*Asks:* 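Before anything else, here's the structure in question.
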Amino acid sequence: MIKLKRVRTKQAIAAGLRGIKRKEKAVVLLTEFYANSFNFNSDHWKKAKPQLKRESNGKCAYCEAPTNTVAHGDVEHFRPKSVYWWLAYCYDNYSFSCQICNQTYKSDKFPVPSVSMNQVSHLPAVEPDETQKNILAPALFPDPLEDSEGLPFADFKTACETEKSFLIDPYIFNPEDFFAWEADEVLKEVKLIPRKNTVEFNNIVKTAEDCLGLNREELCVLRWKTFEILETFKETLSETQISENLRARTKAMLKTMTGSDAIFAGMCRYFVRDIWKLNLG
């Protein structure tokens, strides 16, 4: 996993996901909440898929495997809508995920150490009238473009950080602060491990294994194949007799493999920057 950044422009965010359309969907959510019956409409969040895919460079936001060659990928609710119903139509709760991470592993899992986020505790016990709904509903979650139109993003981000989920949201946190990698030459695999040997970091990696499958066998083996190429470039760079042209080309390839659009960029960065401490300048 690597840090992702949302592009907040009218061109990037479909009209149906912001402004008046977002408010309308928020009112629908509030109405369904009081009816104790939700009928989530996937057509709403499907509009986000092209941009989410661009932001993750066509890779799964979690395992960093490219989706084009194996699956189309999903718009994934980071906080599951079955629990966090008020975030079902929240753009800032969406990410682009491969179907294995999303459907086979994550599903509705979302472990938190103590108390879950509750942004709806202020709602009245009795269903409000339509005028009140139109005031309350837009503030359930942020508008991705106009901060003043919904819950301020700063407040949403604070709530996310305070919850301290064991799952790392790559749009909120930098996964590279928590994750490290271990290459096993005997098993020929690369596994995700904690960057620090603490209870918190171990819980985060355990959750990534259980809820996202980030140490599933197929991934570990595929990472090894990428690691072998990376290591070959590193060893080439350590040779003193190579030409300056080959040295420059080798550095360029290492930079490419650590770029945001590269497969397993988080793993590659860890070895290049933290373990081997290569100067690619």
Side-chain angles (χ1 to χ4, degrees), residues 4 6 8 13 16-45 47-48 52 61 75-95 97 102 106-173 178 199-200 203-204 206-208 210-212:
L4 301 177
R6 296 198 191 275
R8 300 185 187 275
I13 304 171
L17 299 167
R18 52 183 170 81
I20 188 64
K21 294 295 183 181
R22 182 199 71 89
K23 291 181 179 180
E24 290 173 356
K25 297 304 289 184
V27 171
V28 169
L29 278 177
L30 197 57
T31 300
E32 292 178 341
F33 166 69
Y34 283 103
N36 197 28
S37 177
F38 291 102
N39 184 27
F40 300 123
N41 184 356
S42 63
D43 287 341
H44 180 81
W45 55 78
K47 300 182 183 76
L52 294 174
V75 174
E76 201 272 318
H77 289 72
F78 183 72
R79 285 176 169 77
K81 58 187 179 296
S82 60
V83 179
Y84 301 79
W85 59 268
W86 62 94
L87 300 180
Y89 301 132
C90 173
Y91 186 78
D92 282 284
N93 192 41
Y94 300 156
S95 61
S97 170
N102 181 29
K106 188 168 182 289
S107 187
D108 289 340
K109 301 184 187 79
F110 196 77
V112 295
S114 54
V115 180
S116 296
M117 175 196 299
N118 188 354
Q119 293 175 274
V120 294
S121 58
H122 65 285
L123 294 177
V126 179
E127 182 173 4
D129 60 28
E130 290 304 309
T131 299
Q132 290 175 307
K133 281 183 187 177
N134 279 284
I135 295 172
L136 292 170
L140 288 175
F141 55 91
D143 185 290
L145 194 58
E146 299 295 337
D147 202 49
S148 61
E149 295 296 314
L151 176 72
F153 177 74
D155 293 348
F156 175 73
K157 184 172 183 288
T158 297
C160 293
E161 293 171 339
T162 303
E163 188 177 42
K164 297 186 182 298
S165 167
F166 291 140
L167 272 175
I168 298 299
D169 183 347
Y171 280 104
I172 299 290
F173 299 98
F178 303 93
V199 173
E200 177 191 9
N203 281 331
I204 287 171
K206 179 73 163 56
T207 300
D210 295 344
C211 299
L212 298 174

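One-based numbering along the sequence shown. These numbers come from a predicted model, not from an experiment.
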*Asks:* Roughly how far apart are Ile135 CD1 and Glu130 CD, rounded to 0.5 Å?
*Replies:*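 Going from CD1 on Ile135 over to CD on Glu130, the span is 11.5 Å.
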*Asks:* Do Lys23 and Pro138 come close enough that some side-chain heavy atom pair is under 4.5 Å?
*Replies:*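 A side-chain contact exists here, since the closest heavy-atom pair is under 4.5 Å.
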*Asks:* Verify the neighbour count for atom NZ of Lys47: are there more than 12 heavy atoms of other residues, nucleotides or ligands below 6.0 Å?
*Replies:*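 Count over threshold, so yes.
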*Asks:* Should the ring pair Phe38 and Phe40 be called parallel, tilted or perpendicular, given that the plane angle runs from 0 to 90° and is split at 30 and 60?
*Replies:*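 Aromatic pair Phe38/Phe40 classed parallel.
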*Asks:* Not counting sequence neighbours, which residues clear salt bridge (Lys or Arg N to Asp or Glu O under 4.0 Å) with Asp147? List them please.
*Replies:*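 By the salt bridge (Lys or Arg N to Asp or Glu O under 4.0 Å) rule, Asp147 matches no residue at all.
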*Asks:* Quickly, which of Trp45, Tyr91, Phe110, Tyr94 forms a ring-ring contact (aromatic ring centres under 6.0 Å, His included) with Phe78? Name it, please.
*Replies:*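 It is Phe110; the other options fail the test.
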*Asks:* May I ask you to say whether Arg79 pairs ionically with Glu163, meaning some side-chain N is under 4.0 Å from a carboxylate O?
*Replies:*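 So Arg79 pairs with Glu163 through a salt bridge.
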*Asks:* Within a strict 4.5 Å, meaning less than it, do heavy atoms of the Ser95 and Pro170 side chains meet?
*Replies:*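 Side-chain contact under 4.5 Å: no.
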*Asks:* Side-chain contact test, heavy atoms from C-beta onward, threshold under 4.5 Å: evaluate it for Pro128 versus Tyr34 and give yes or no.
*Replies:*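 When only atoms from C-beta onward are counted, Tyr34 and Pro128 do touch, with a gap below 4.5 Å.
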*Asks:* Under 4.0 Å between a side-chain nitrogen and a carboxylate oxygen: does that hold for Lys133 and Asp129?
*Replies:*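 The answer is no: the pair does not qualify as a salt bridge.
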*Asks:* Is there a side-chain contact between Pro142 and Pro152, using heavy atoms and a 4.5 Å cut-off?
*Replies:*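 Result no, sub-4.5 Å side-chain heavy-atom pair not found.
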*Asks:* Do the non-hydrogen side-chain atoms of Ile168 and Ile204 ever get within less than 4.5 Å of each other?
*Replies:*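 The answer is yes; the side chains approach within 4.5 Å.
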*Asks:* Under the criterion side chain to side chain contact (heavy atoms under 4.5 Å, CB included), I'd like the reasoning laid out for Val83 against Asp108: C-alpha separation, chi angles, the key distance, then a yes or no.
*Replies:* CA-CA 8 Å; Val83 179; Asp108 289 340; 5.7 Å; no
*Asks:* Go through the steps for His44 and Leu17 under the test side chain to side chain contact (heavy atoms under 4.5 Å, CB included), then give the verdict.
*Replies:* CA-CA 7 Å; His44 180 81; Leu17 299 167; 3.6 Å; yes
*Asks:* For Glu146, what residues pass the salt bridge (Lys or Arg N to Asp or Glu O under 4.0 Å) criterion, not counting sequence neighbours?
*Replies:*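 Result, salt bridge (Lys or Arg N to Asp or Glu O under 4.0 Å) vs Glu146: none returned.
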*Asks:* Is the NZ or CZ atom of Arg6 both under 6.0 Å from the centre of the six-membered ring of Tyr171 and within 45° of that ring's axis?
*Replies:*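 Yes, a cation-pi geometry holds between Arg6 and Tyr171.
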*Asks:* Could you give the distance from CG (Asn93) to CG (Asp169), rounded to the nearest 0.5 Å?
*Replies:*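 With rounding to 0.5 Å, CG (Asn93) is 8.0 Å from CG (Asp169).
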*Asks:* Only counting residues at least two apart or in another chain, list the ones meeting salt bridge (Lys or Arg N to Asp or Glu O under 4.0 Å) with Arg18.
*Replies:*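 So Arg18 forms no salt bridge (Lys or Arg N to Asp or Glu O under 4.0 Å) with any residue.
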*Asks:* Can you tell me how far the CG atom of Asn134 sits from the CD atom of Glu24, to the nearest 0.5 Å?
*Replies:*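 CD of Glu24 is found 9.5 Å from CG of Asn134.
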*Asks:* Under a 4.5 Å cut-off applied to non-hydrogen side-chain atoms, are Arg22 and Cys90 in contact?
*Replies:*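 No, too far: nothing below the 4.5 Å cut-off.
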*Asks:* Has the side chain of Ser165 got a donor or acceptor atom that lies under 3.5 Å from a matching backbone atom of Leu167?
*Replies:*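 Yes, because the side chain of Ser165 sits within donor-acceptor range (under 3.5 Å) of the backbone of Leu167.
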*Asks:* Mind checking whether Lys25 and Asn41 have side chains closer than 4.5 Å, heavy atoms only?
*Replies:*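 A side-chain contact exists here, since the closest heavy-atom pair is under 4.5 Å.
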*Asks:* If you compare all heavy atoms of Leu151 against all heavy atoms of Ala139, which two are closest, and at what distance to 0.1 Å?
*Replies:*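 That would be CB-O, 3.4 Å.
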*Asks:* Could you tell me the separation between the CG atom of Asn39 and the OG1 atom of Thr31, rounded to the nearest 0.5 Å?
*Replies:*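 If we round to the nearest 0.5 Å, Asn39:CG and Thr31:OG1 are 12.5 Å apart.
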*Asks:* Verify the ring-centre separation between Phe141 and Trp86: is it less than 6.0 angstrom?
*Replies:*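 No, the ring of Trp86 stays outside the 6.0 Å limit from the ring of Phe141, centre to centre.
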*Asks:* Hey, are Arg8 and Asp92 close enough for a salt bridge, meaning a charged N less than 4.0 Å from a carboxylate O?
*Replies:*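 Salt bridge: yes.
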*Asks:* Pair Ile172, Lys157 - check side chain to side chain contact (heavy atoms under 4.5 Å, CB included), show working.
*Replies:* CA-CA 7 Å; Ile172 299 290; Lys157 184 172 183 288; 4.2 Å; yes
*Asks:* Between Phe33 and Trp85, how do the two ring planes meet: parallel, tilted or perpendicular, split at 30° and 60°?
*Replies:*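 Parallel.
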*Asks:* Taking the side chain as C-beta and beyond, is there a heavy-atom pair between Leu123 and Leu30 under 4.5 Å?
*Replies:*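 They are in side-chain contact.
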*Asks:* Go through it in stages, so that I can follow the logic: the residues are Lys164 and Val112, the test is side chain to side chain contact (heavy atoms under 4.5 Å, CB included), and I'd like the CA-CA distance, side-chain angles, deciding distance and then a yes or no.
*Replies:* CA-CA 6 Å; Lys164 297 186 182 298; Val112 295; over 6 Å; no
*Asks:* To the nearest 0.5 Å, what is the distance between SG on Cys160 and CG on Asp155?
*Replies:*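 Answer for the SG-CG pair, Cys160 versus Asp155, is 11.0 Å.
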